[in-house]
Amino acid sequence: MSKDIETEVINTEEKAEAKEKEISGKFSLKKKPGRRKPRKVKIKPFEKEEKGVRFLSAAIDIRDRAQIKVDESAVELGKNFAKSMHDIAASYRNSRRTMGAALLAVAVIAASILIIFDRFTVYEYAYNGKVLGYVKEQEEVTDVLGIAGDKLTENSGSSLDIEFVPNRNITFNLVDSRDRSLDDSDTAVNKLVYMTDIETEAYGVYDGDDLKAIVKSNEDAENLLNETMNELSTPDQGMELVSAEFGYPLDIKPLNVLLTSVQDNTSARQQMVEGGEMEITHIVEDGENLESLARDYAVESDSIFDENKEELVNEPEVGDKVHIHKTVEPVSVKMTETGRIKEVVEFKTIKKESDKYYKGDTIVEQEGRDGYQTFEGTITKEGGVEVDRQGEVIEEQPKVRNKIILVGTAERPKTAPTGTYAMPIGAYTLTSTFGPRWGRMHTGLDMAAPTGSPIYASDGGTVVRAGYNGGYGNCVDIDHGNGRVTRYAHCSRLLVSVGEQVYQGQNIALVGSTGNSTGPHLHFEVILNGSAVNPAPKLGL
């Protein structure tokens with residue numbers, strides 16, 4: 001406490017004591033003669049109260065004095081601040097016009113920039129990053145997004161709820177307006193409706209990690225599973241279904257694909273029941289690569305092609321459109337049925353070896369015939385293939401008859417027929433073909449060559465003619481079995497005789513011009529079951 005305040009307190013206490021003495025003097029009792037001594041009055045509580053009053057009065061006085069000093073300091077600070085502001089205003093009083101002009105210039109420049117920016121910029125609008133066009137105001141696109149979604153849904157024929165949402169799949173970006181052709185609302189609608197790369201959320205049916213089909217909704221996927229199960233677990237006539245379940249649990253998962261990849265339930269069901277080929281179009285998203293795409297669609301990397309379906313994709317980038325070719329195997333259903341069924345028993349083909357025939361020859365000894373039987377019991381199938389049956393056959397009518405084929409084991413001799421036709425001459429000139437000629441039928445090919453040129457057996461067999469044969473002149477006929485005969489006519493010399501076994505390519509005669517001939521040549525015929533046929537196709541001509 002400061003000395004001034006301490007002195008003030010002491011003076012206040014002294015004044016209080018003097019006041020107390022004054023009061024005590026007024027209330028003091030003097031003793032009068034002849035009276036009883038009066039009772040002494042106690043004033044101690046009153047004295048305490050007076051001391052408290054004195055202390056409180058001193059404290060209040062101190063507070064008042066301190067507040068006065070604080071107020072004086074505040075006033076002084078206010079005066080100093082006002083003076084500083086006055087000085088600052090005075091220092092800039094002469095530059096008011098300069099400041100006003102500067103502010104006006106700034107306002108004009110800002111306004112000019114806004115006008116230029118508004119005049120020379122437009123909004124670029126895009127679908128999933130693909131730029132579609134340019135508009136003056138965003139509302140020209142946002143106001144028609146609902147219409148575009150409804151039209152696209154209607155045109156797609158898939159009943160998918162296609163939505164265009166600003167700042168999600170429809171985005172805007174301010175760009176320079178130079179060399180930009182602006183779209184109106186109608187043009188924007190048409191561009192949205194006729195896009196071919198609309199991405200939508202669909203639902204895939206998976207057998208483990210293997211994608212089996214893609215449909216528009218979770219409800220469609222559930223229906224697809226039920227329809228597939230019903231088709232694959234239909235019991236045979238006369239049987240009742242005991243149980244049925246998919247060979248592996250099938251899951252339904254959402255996935256994003258292009259609209260063209262979504263299947264209708266009919267084609268999806270056929271694909272799940274019979275298997276087939278899928279063409280999936282996908283836009284690469286952030287975090288995806290070749291390995292993840294192959295894993296997600298259960299394909300090999302060599303089944304992922306570029307946008308044009310021409311080249312394999314090596315390093316797909318975000319936003320790239322890729323085409324995925326996938327082969328889908330049918331789903332498997334395990335089912336058990338019971339009852340009585342009449343079923344076909346297919347004949348089997350049994351092969352038996354025989355040394356009566358040459359190697360490579362097969363002869364049907366007995367034709368096969370299916371049988372029928374009635375079975376009563378329980379049959380279990382997996383993927384349509386019977387894997388177990390418990391019961392008995394109660395009737396067979398008619399019984400099955402298996403097909404029997406004899407397979408030759410004997411070594412084929414060089415002269416055995418091969419069943420093929422080799423060229424019967426070397427160098428030649430074709431002078432006449434098979435068909436009508438000079439008013440009658442020409443039954444073979446005329447192949448001109450110098451006299452003495454070798455003639456070869458077209459196939460192995462037995463010589464059944466070797467001699468002069470009317471207009472054919474010197475002629476050789478070879479029987480190749482199975483109704484096949486070849487004829488070689490107009491020969492100058494014969495090198496084989498009747499009954500001789502010849503092999504394919506053996507020299508059997510020489511070219512000549514005997515019989516009805518106008519020059520040296522070979523007349524070659526192929527005769528099947530007694531009728532001449534065109535040799536050209538047999539020789540590959």
Side-chain angles (χ1 to χ4, degrees), residues 156-161 200-282 296-299 303 324-346 370-391 393:
S156 67
S158 61
S159 299
L160 287 170
D161 294 328
T200 184
E201 182 180 72
Y203 287 81
V205 176
Y206 290 83
D207 181 355
D209 294 328
D210 189 10
L211 178 63
K212 293 295 185 181
I214 302 173
V215 291
K216 66 181 180 180
S217 67
N218 186 76
E219 181 181 359
D220 279 356
E222 293 284 358
N223 291 336
L224 176 61
L225 292 181
N226 292 333
E227 292 169 1
T228 301
M229 172 59 75
N230 290 338
E231 186 166 347
L232 292 179
S233 61
T234 301
D236 294 318
Q237 185 175 2
M239 305 289 279
E240 294 182 358
L241 184 65
V242 176
S243 64
E245 61 182 0
F246 287 110
Y248 297 93
L250 297 183
D251 297 323
I252 300 173
K253 303 176 185 177
L255 74 167
N256 289 327
V257 295
L258 294 194
L259 185 60
T260 54
S261 301
V262 180
Q263 301 170 286
D264 60 77
N265 268 38
T266 300
S267 60
R269 184 178 67 253
Q270 182 178 359
Q271 182 171 282
M272 292 187 66
V273 171
E274 302 175 4
E277 305 293 326
M278 286 181 72
E279 292 292 337
I280 306 167
T281 306
H282 176 82
D296 292 344
Y297 289 98
V299 297
S303 295
I324 301 168
H325 179 78
K326 178 176 177 60
T327 300
V328 180
E329 296 296 330
V331 298
S332 175
V333 169
K334 182 178 181 180
M335 61 173 290
T336 300
E337 57 184 0
T338 187
R340 179 181 293 184
I341 181 175
K342 185 174 183 179
E343 55 191 358
V344 175
V345 181
E346 296 181 350
D370 291 337
Y372 291 88
Q373 68 180 22
T374 301
F375 171 82
E376 187 173 22
T378 300
I379 298 175
T380 300
K381 298 178 182 178
E382 290 184 9
V385 178
E386 184 178 316
V387 294
D388 183 55
R389 65 167 53 195
Q390 300 293 329
V393 175

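Quick caveat, the model's predicted, so the values are computed rather than measured.
Note that the OH atom of Tyr203 and the CD1 atom of Ile214 stand 13.5 Å from one another [nearest 0.5 Å]. To the nearest 0.5 Å, the span separating CE on Met278 from CD1 on Ile324 amounts to 9.5 Å. Here Leu224 contributes atom CG and Asn218 contributes atom CG; the two are 11.5 Å apart, rounded to the nearest 0.5 Å. To the nearest 0.5 Å, atom CD1 of residue Ile379 and atom CD1 of residue Ile341 are 5.0 Å apart. Between the OG atom in Ser267 and the CG atom in Asp264 there is a gap of 3.5 Å [rounded to 0.5 Å].
Looking at Lys326, its side chain does come within 3.5 Å of a backbone N or O of Ala298 through a donor-acceptor pair. Judged by distance alone, the side chain of Thr338 and the main-chain N or O of Gly377 form a donor-acceptor pair under 3.5 Å. Formation of a donor-acceptor pair under 3.5 Å by the Ser261 side chain with backbone atoms of Thr281 is found in this model.
No more than 12 heavy atoms of other residues, nucleotides or ligands shown are found within 6.0 angstrom of NZ on Lys334. Lys253 NZ: more than 12 foreign heavy atoms inside a 6.0 Å radius. Within a 6.0 Å sphere centred on CZ of Arg340, heavy atoms belonging to other residues, nucleotides or ligands number 12 at most. No more than 12 heavy atoms of other residues, nucleotides or ligands lie within 6.0 Å of CD in Glu219, so this atom counts as exposed by the packing criterion. By the 6.0 Å contact criterion, CG on Asp388 is enclosed, its count of non-hydrogen atoms from other residues, nucleotides or ligands being greater than 12.
His325 places a side-chain heavy atom less than 4.5 Å from the side chain of Glu279. Within the 4.5 Å cutoff, the side chain of Val345 has no heavy atoms near those of the Phe375 side chain. Leu211 is listed as a side-chain neighbour of Ile280, based on a closest heavy-atom distance under 4.5 Å. Between Tyr297 and His282 there is a side-chain heavy-atom pair separated by less than 4.5 Å.
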For residues 233-249, which side-chain N or O atoms pair as donor and acceptor with protein atoms under 3.5 Å away, sequence neighbours left out?
residue: Ser233; atom: OG; partner: Met229; partner atom: O; Å: 2.5
residue: Thr234; atom: OG1; partner: Asn230; partner atom: O; Å: 2.8
residue: Asp236; atom: OD2; partner: Lys381; partner atom: NZ; Å: 2.8

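Closest approach of Ser332 to Gly383, counting heavy atoms only: OG-N, 3.5 Å.
Paired with Gln271 under the rule side-chain hydrogen bond (donor to acceptor under 3.5 Å, both in side chains), one option of Lys212, Gln263, Glu329 passes, and it is Gln263. No option in Asp251, Ile252, Asp220 other than Ile252 meets the side chain to side chain contact (heavy atoms under 4.5 Å, CB included) test with Leu225.
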